[in-house]
Amino acid sequence: EIRNHKTQFLAAISPGSHLPSILLEIEFAHNVGISEIILETALPWSPQQSDRLTQALKSVINIADDITVTFALDCNPPQTWLRENPDDASTTSFRSSLYPSVGSKKWLDATTSRIQSLIESLKPQIEENRITGFILQGLENGQWVRTGATDTSVAHHNAFREWVTNQYP
């Protein structure tokens, strides 16, 4: 029986998701003994996305008092950000999607700031132990890998130059 094992339920919330259907799936999972929910979602890059995520979280934890949530956050920026910041985008793409350059300080700073804001906004639920953790995902399929040719972006070159300078002064 599933109740005898540590089991988690993964629910993905994307911009076009139908939240009532996702909540019903989580309720069904809870009815069979699963109280640990992983909510896979994009890291909010706008106030509207933050509000939607907060509302989704409230709806999930209102299903039952013993439900806890771990967020699996896609840390990739929106495609519009990558087009507006071409020096910080990788020069290779995957399935016609752009990804940030792993050497981009601008992306790292923006992502760190958004994670800090998200954690601050969720502080009450964290302190109540309703949020149990965060899984940070990024690049292709959220696996922190990038396939294809070498990234020749400005950000990648600058990061490599800095690394070489620090390694071999």
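Values in this document were obtained by computation on a predicted structure and should not be read as measured data. Nothing fancy with the numbering, it's 1 onward along the sequence.
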If we only count heavy atoms from C-beta on, is the [X] to [Y] side-chain gap below 4.5 Å?
X    : Y    : result
E36  : T132 : no
L43  : W45  : yes
I115 : L136 : yes
W81  : W107 : yes
R52  : S17  : yes
L118 : F71  : no

- From CA spacing to verdict: side chain to side chain contact (heavy atoms under 4.5 Å, CB included), S101, H157: CA-CA 10 Å; S101 172; H157 277 190; over 6 Å; no
Let me confirm one number: the [atom1]-[atom2] distance from [X] to [Y], rounded to the nearest 0.5 Å.
X    : Y    : atom1 : atom2 : result
Q8   : I38  : CD    : CD1   : 4.0 Å
I13  : E40  : CD1   : CD    : 10.0 Å
H30  : D66  : NE2   : CG    : 3.5 Å
I37  : I131 : CD1   : CD1   : 13.0 Å
S153 : L98  : OG    : CG    : 11.5 Å
I22  : L39  : CD1   : CG    : 8.5 Å

- Message: With a 6.0 Å cut-off (strictly less than), is the heavy-atom count around CG of D65, excluding the residue itself, greater than 12?
- Response: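 For D65, atom CG is not crowded (no more than 12 foreign heavy atoms under 6.0 Å).
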- Query: Tell me the salt bridge (charged side-chain N to carboxylate O under 4.0 Å, His left out) pairs involving residues 7-24, sequence neighbours left out?
  - Reply: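 Every candidate salt bridge (charged side-chain N to carboxylate O under 4.0 Å, His left out) pair involving residues 7-24 fails, so no pair, neighbours aside, qualifies.
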- Qualifying salt bridge (charged side-chain N to carboxylate O under 4.0 Å, His left out) pairs, either residue in residues 103-119, two or more places apart: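 The answer is K105-E162.
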What are the two closest non-hydrogen atoms of [X] and [Y], and how far apart are they?
X    : Y    : value
A56  : L23  : O-CD2, 4.5 Å
P44  : L53  : CG-CD2, 3.7 Å
L139 : N76  : N-OD1, 2.8 Å
T68  : N129 : CG2-O, 3.5 Å
H18  : S21  : ND1-OG, 2.7 Å

Whether [X] side chain and [Y] backbone form a donor-acceptor pair below 3.5 Å:
X    : Y    : answer
S104 : A155 : no
R130 : V69  : no
T111 : L108 : no

- After noting the C-alpha distance and the side-chain angles of H156 and V102, does the key distance pass the side chain to side chain contact (heavy atoms under 4.5 Å, CB included) rule? CA-CA 7 Å; H156 192 72; V102 295; 4.0 Å; yes
Would you kindly confirm whether [X] and [Y] end up in one hydrophobic cluster when ILVMFWY residues are joined by side chain heavy atoms under 4.5 Å apart?
X    : Y    : result
L19  : I61  : yes
I63  : L10  : no
I135 : L122 : no

- Message: Walk me through whether F134 and I119 qualify under side chain to side chain contact (heavy atoms under 4.5 Å, CB included).
- Response: CA-CA 9 Å; F134 297 88; I119 289 172; 3.9 Å; yes
- List in chain and number order the residues that pass ring-ring contact (aromatic ring centres under 6.0 Å, His included) with F160, two or more places apart in sequence or in another chain; answer none if no residue qualifies.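 W163.
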- Task: Decide yes or no on side chain to side chain contact (heavy atoms under 4.5 Å, CB included) for D74 and T41, but give the supporting numbers first.
- Result: CA-CA 6 Å; D74 179 354; T41 187; over 6 Å; no
